[in-house]
**Student:** 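Please find one structure pasted underneath; my questions will follow.
Quick caveat: nothing in here was measured; it's all calculated off a predicted structure.
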Amino acid sequence: MADPKGFLTTGREVARTRPAEERVKDWNEVYVPGSLLPIISKQAGRCMDCGIPFCHNGCPLGNLIPEWNDYAYREDWTAASERLHATNNFPEFTGRLCPAPCESACVLAINQPAVTIKNVEVSIIDKAWDSGDVTPQPPERLSGKTVAVIGSGPAGLAAAQQLTRAGHTVAVYERADRIGGLLRYGIPEFKMEKSHINRRIEQMRAEGTKFRTEIEIGRDIDAAKLRKRYDAVVIAAGATVSRDLPVPGRELNGIHFAMEYLPLSNKVQEGDLTVSPISAEGKHVVVIGGGDTGADCVGTAHRQGALSVTQLEIMPKPGEERAAHQPWPTFPMLYKVTSAHEEGGERVYSVSTTHFEGDEDGNVQSLNLIEVEFKGGKLEQKPGTERKIPAQLVTLAMGFTGTDQENGLVEQFGLELDERGNIARDADFATNVPGVYVAGDAGRGQSLIVWAIAEGRSAARGVDRMLTGASDLPAPIRPTDRALTV
């Protein structure tokens, strides 16, 4: 235990953010650079090194949180980095993007603010990069086996890195023009600057992983032909089919899926575009969906110069404290104020969109909504609560329904789907097609980045064992494992 009295003497302190009026003028990360390092050792000292560290239950990666907290407290950054990387290929991604179910499961959180696990994690990895502790780890010998990974999001990259380090020759296929999947084009720059992805890609290249961009399996290469070229295939194509809103007026111009809107703003930051073709500048913006993707749309609209931003959520407003039916150590539904919400805009709960209205040119101008409530487990509209709000740009951020089937990948492989429309797999993450495995949201459904990385690592073990007869690679989860809930 680093500091036996740390949790008694030190209060929770998190990373400082730059003033909202300053950061909305740029696309840099919202945090004050270097603000964590002076405070993080004491924050790590709040960890109680519990006899049963429930933070492990909250995190599917099985991160060795008390161990690297102890090293961070002692400022042994090299040892902390080694312990961090023992279970997580990309802690700089999770430390910035994960909603931290580990903190919800922290024992200290029973009656005090949790340990700042995310902040400690990101401090360790940023220090490791600055100190040169993150280096390529090429395999000592090659197996002679080849693996294709379809998709370069966190699941695909984790599987690729694990299999490359195991000695297999791995090629990652990505349909976009750059590697990273939703990390690249779904996450705004102000949440994670893409330099973090770029240096990981360079590390993986130095280890031997090959990358093939602008190739969509199913359209550009027949999936069955790809299978014949490789000893194994890992499908990590994500759950990219956005949930639609089939109400009158949906066809109007100016109504877009979040994953149509967000990638274009990222392409501006990459230098591919001068101005986004879908911009919030000078418009009243409505974001439908109250999750993290919706918050990303809110922050993006602020930076593009929206006149107003309104975020709609069909569910009731969550409480600011744990509800009795969501006891520790489960992940609670709490009222969450992200950096994007701090920057302005209105959040409206318990409402449903009834229809859109447009002008004579077919452009959306307003959105009509009605208040709703749950009665007897059913969602009912409340008569007399209808109202209209201005909307010249609407983004749909209501989640995803499954992996893309229109590109032919599922059909060409001959894959079976489960009852939820995800690609079915067995205990080793193998599909019904010999040699073809699935990891991440394509098999699990929409989930968190920590689950994606855990799936990639676990699927890699299944592939390695199939190719060589045995495997020393870790498998932190099973396909049937789910988040700790009531």
**Student:** Looking at Ile187, is its backbone amide N or carbonyl O close enough to the side chain of Asn266 to form a donor-acceptor pair, meaning the two atoms are under 3.5 Å apart?
**Tutor:**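 Yes; at least one donor-acceptor contact below 3.5 Å.
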
**Student:** If I take atom CG from residue Asn432 and atom CG from residue Leu417, how far apart are they, to the nearest 0.5 angstrom?
**Tutor:**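 One gets 9.0 Å once the value is rounded to the nearest 0.5 Å.
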
**Student:** Would the number of heavy atoms belonging to other residues, nucleotides or ligands and lying under 6.0 Å from CD of Glu411 be above 12?
**Tutor:** no

**Student:** Does atom CZ of Arg219 have more than 12 heavy-atom neighbours from other groups under 6.0 Å away?
**Tutor:** yes

**Student:** Of all heavy-atom pairs between Gly440 and Ala155, which one has the smallest distance, and what is that distance?
**Tutor:**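 Shortest heavy-atom separation between Gly440 and Ala155 comes out as CA-CB, 3.7 Å.
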
**Student:** The criterion is ring pair (Phe, Tyr, Trp, His ring centres under 6.0 Å); which residues satisfy it with Phe93, sequence neighbours excluded?
**Tutor:** Phe90

**Student:** So, for Thr338 and Ala295, which heavy atoms are closest and what is the spacing to 0.1 Å?
**Tutor:** OG1-CB, 3.7 Å

**Student:** Which heavy atom of Ala223 sits nearest to which heavy atom of Leu409, and what is that distance?
**Tutor:**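 Scanning both residues, the minimum pair turns out to be CB-O, 4.1 Å.
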
**Student:** Counting distance only, does the side-chain N/O of Lys225 pair as donor-acceptor with the main-chain N or O of Ile221 below 3.5 Å?
**Tutor:**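 Looks like no, no N/O pair under 3.5 Å.
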
**Student:** Decide yes or no on side-chain contact (heavy atoms from CB on, under 4.5 Å) for Val450 and Asn63, but give the supporting numbers first.
**Tutor:** CA-CA 10 Å; Val450 280; Asn63 282 337; 5.6 Å; no

**Student:** Any donor-acceptor pair under 3.5 Å linking the side-chain atoms of Arg178 with those of Tyr185?
**Tutor:** yes

**Student:** Go through the side-chain N and O atoms of Arg83 and Asn88 and say whether any donor and acceptor fall under 3.5 Å apart.
**Tutor:**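 Per modelled atom types, Arg83 and Asn88 side chains form no pair under 3.5 Å.
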
**Student:** Does Glu380, at its CD atom, have more than 12 non-hydrogen atoms belonging to other residues, nucleotides or ligands within less than 6.0 Å?
**Tutor:** yes

**Student:** Is it the case that more than 12 heavy atoms not belonging to Tyr230 sit under 6.0 Å from its OH atom?
**Tutor:**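 Yes, because the 6.0 Å sphere around OH of Tyr230 holds more than 12 heavy atoms from other groups.
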
**Student:** List for me each residue that meets side-chain hydrogen bond (donor to acceptor under 3.5 Å, both in side chains) alongside Thr401, sequence neighbours excluded, and say none if there are none.
**Tutor:** none

**Student:** Using side-chain heavy atoms (C-beta onward) and a distance below 4.5 Å, is Val147 in contact with Leu467?
**Tutor:**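 Yes; the side chains approach each other to less than 4.5 Å.
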
**Student:** Would you say Met192 and Ile197 make side-chain contact, with heavy atoms under 4.5 Å?
**Tutor:** yes

**Student:** Indicate yes or no: does Arg96 engage Asp126 in a salt bridge with an N to O separation below 4.0 Å.
**Tutor:**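 Looking at Asp126 together with Arg96, the answer is yes, because their closest N to O distance falls below 4.0 Å.
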
**Student:** Check step by step if side-chain contact (heavy atoms from CB on, under 4.5 Å) holds for Glu92 and Arg200.
**Tutor:** CA-CA 10 Å; Glu92 66 270 41; Arg200 275 296 176 187; 2.6 Å; yes

**Student:** Is there a donor-acceptor pair closer than 3.5 Å between any side-chain N or O of Asp361 and the backbone N or O of Asn363?
**Tutor:**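 Not confirmed, Asp361 side chain does not pair with Asn363 backbone.
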
**Student:** If the condition is ring pair (Phe, Tyr, Trp, His ring centres under 6.0 Å), which residues does Phe54 pass it with, not counting sequence neighbours?
**Tutor:** Trp328

**Student:** Please report, to 0.1 Å, the donor-acceptor pairs under 3.5 Å made by any side chain of residues 133-141, with sequence neighbours excluded.
**Tutor:**
unit_1	atom_1	unit_2	atom_2	d
Asp133	OD2	Thr78	OG1	3.0

**Student:** Taking the side chain from Asp428 and the backbone from Ala430, do they hold a donor-acceptor pair closer than 3.5 Å?
**Tutor:**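 It does not hold such a pair.
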
**Student:** Side chain to side chain contact (heavy atoms under 4.5 Å, CB included) with Ile235: which of Val149, Leu415, Val433?
**Tutor:** Leu415

**Student:** Less than 4.5 Å apart, any side-chain heavy atom of His302 and any of Phe190?
**Tutor:**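 They are not in side-chain contact.
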
**Student:** Within a 6.0 Å radius of atom CZ on Arg478, are there more than 12 heavy atoms belonging to other residues, nucleotides or ligands?
**Tutor:** no

**Student:** Look up atom CD1 in Ile124 and atom CD in Glu82, then write down how far apart they are to the nearest 0.5 Å.
**Tutor:**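 That separation rounds to 11.5 Å.
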
**Student:** Find out whether Asn407 and Arg175 are in side-chain contact, i.e. whether some heavy atom of one side chain is under 4.5 Å from a heavy atom of the other.
**Tutor:** yes

**Student:** Is it the case that more than 12 heavy atoms not belonging to Lys210 sit under 6.0 Å from its NZ atom?
**Tutor:** no

**Student:** Are any of the side-chain nitrogens in Glu174 or Arg184 under 4.0 Å away from the carboxylate oxygens of its partner?
**Tutor:**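 No, Glu174 and Arg184 are not salt-bridged.
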
**Student:** Indicate yes or no for a side-chain donor-acceptor contact from Ser276 to the backbone of Ile278 under 3.5 Å, with no hydrogens or angles considered.
**Tutor:** yes

**Student:** CD1 of Ile477 to CD1 of Ile453: how many Å apart, nearest 0.5 Å?
**Tutor:**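 Spacing of CD1 (Ile477) from CD1 (Ile453) equals 11.0 Å.
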
**Student:** State, to 0.1 Å, how close Pro60 and Ala454 come at their nearest heavy-atom pair, and which atoms those are.
**Tutor:**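 Between these two residues, the closest heavy atoms are O-CB, 3.9 Å.
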
**Student:** Taking Ala239's backbone N and O only, do any of them form a donor-acceptor pair with Gln446's side chain (distance below 3.5 Å, no angle check)?
**Tutor:**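 Side chain of Gln446 to backbone of Ala239, a donor-acceptor pair under 3.5 Å: no, none is there.
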
**Student:** Taking the side chain as everything from C-beta on, heavy atoms only, tell me whether Glu343 gets closer than 4.5 Å to Val30.
**Tutor:** yes

**Student:** Any chance you could measure Ile201, atom CD1, to Arg199, atom CZ, to the nearest 0.5 Å?
**Tutor:** 12.5 Å

**Student:** Determine whether more than 12 heavy atoms belonging to other residues, nucleotides or ligands lie under 6.0 Å from atom CG of Asp472.
**Tutor:** no

**Student:** Start with the C-alpha distance between His256 and Leu393, add both sets of side-chain angles, then the distance that settles side-chain contact (heavy atoms from CB on, under 4.5 Å), and finish with yes or no.
**Tutor:** CA-CA 8 Å; His256 303 275; Leu393 173 64; 3.8 Å; yes

**Student:** Under the side-chain hydrogen bond (donor to acceptor under 3.5 Å, both in side chains) rule, what pairs show up with a residue in residues 451-462, not counting sequence neighbours?
**Tutor:** Asn89-Arg457, Arg425-Glu455, Arg444-Glu455

**Student:** Donor-acceptor pair, Glu193 side chain versus Ser195 backbone, under 3.5 Å?
**Tutor:** no

**Student:** Hey, could you give me the CD/CG distance between Gln162 and Leu473, rounded to the nearest 0.5 Å?
**Tutor:**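 If we round to the nearest 0.5 Å, Gln162:CD and Leu473:CG are 5.5 Å apart.
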
**Student:** Strictly below 4.0 Å, N to O, side chains only: are Arg165 and Glu207 in salt-bridge contact?
**Tutor:**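 So Arg165 pairs with Glu207 through a salt bridge.
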
**Student:** What pair of heavy atoms forms the shortest contact from Asp296 to Gly186, and how long is it?
**Tutor:**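 Smallest heavy-atom distance, with atoms named: OD2-O, 3.9 Å.
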
**Student:** Could you check if a side-chain atom of Asn368 sits within less than 4.5 angstrom of a side-chain atom of Val247, using non-hydrogen atoms only?
**Tutor:** no

**Student:** Quick one: does any side-chain atom of Glu103 pair with a main-chain N or O of Lys118 as donor and acceptor, under 3.5 Å?
**Tutor:** yes

**Student:** Could you work out, with salt bridge (charged side-chain N to carboxylate O under 4.0 Å, His left out) as the rule, every residue matching Glu202, not counting sequence neighbours?
**Tutor:**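 Checked Glu202 against salt bridge (charged side-chain N to carboxylate O under 4.0 Å, His left out); matches are Arg205.
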
**Student:** We want to know whether Thr94 and Glu121 form a side-chain donor-acceptor pair, criterion being a heavy-atom distance below 3.5 angstrom.
**Tutor:** yes

**Student:** Enter the distance from Asp292:CG to Leu97:CG here, rounded to the nearest 0.5 Å.
**Tutor:**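 Going from CG on Asp292 over to CG on Leu97, the span is 9.0 Å.
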
**Student:** Return the minimal non-hydrogen interatomic distance between Thr146 and Asp231, and the atom names on each side.
**Tutor:**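 Answer, listing the atom of Thr146 first, then Asp231: N-OD2, 2.8 Å.
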
**Student:** For Tyr437, is there any backbone N or O sitting under 3.5 Å from a side-chain donor or acceptor partner on Thr431?
**Tutor:**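 Judged by distance alone, no pair lies under 3.5 Å.
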
**Student:** When you compare the side chain of Ile288 with that of Met398, does any pair of heavy atoms fall below 4.5 Å?
**Tutor:** yes

**Student:** Is any side-chain heavy atom of Arg347 less than 4.5 Å from a side-chain heavy atom of His341?
**Tutor:**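 Yes - at least one pair of side-chain heavy atoms lies under 4.5 Å apart.
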
**Student:** Assess the residue pair Val463 and His168 against the criterion (side-chain contact (heavy atoms from CB on, under 4.5 Å)); give the C-alpha distance rounded to whole Å, side-chain angles, the decisive distance to 0.1 Å, and a yes or no.
**Tutor:** CA-CA 10 Å; Val463 173; His168 309 303; 5.7 Å; no

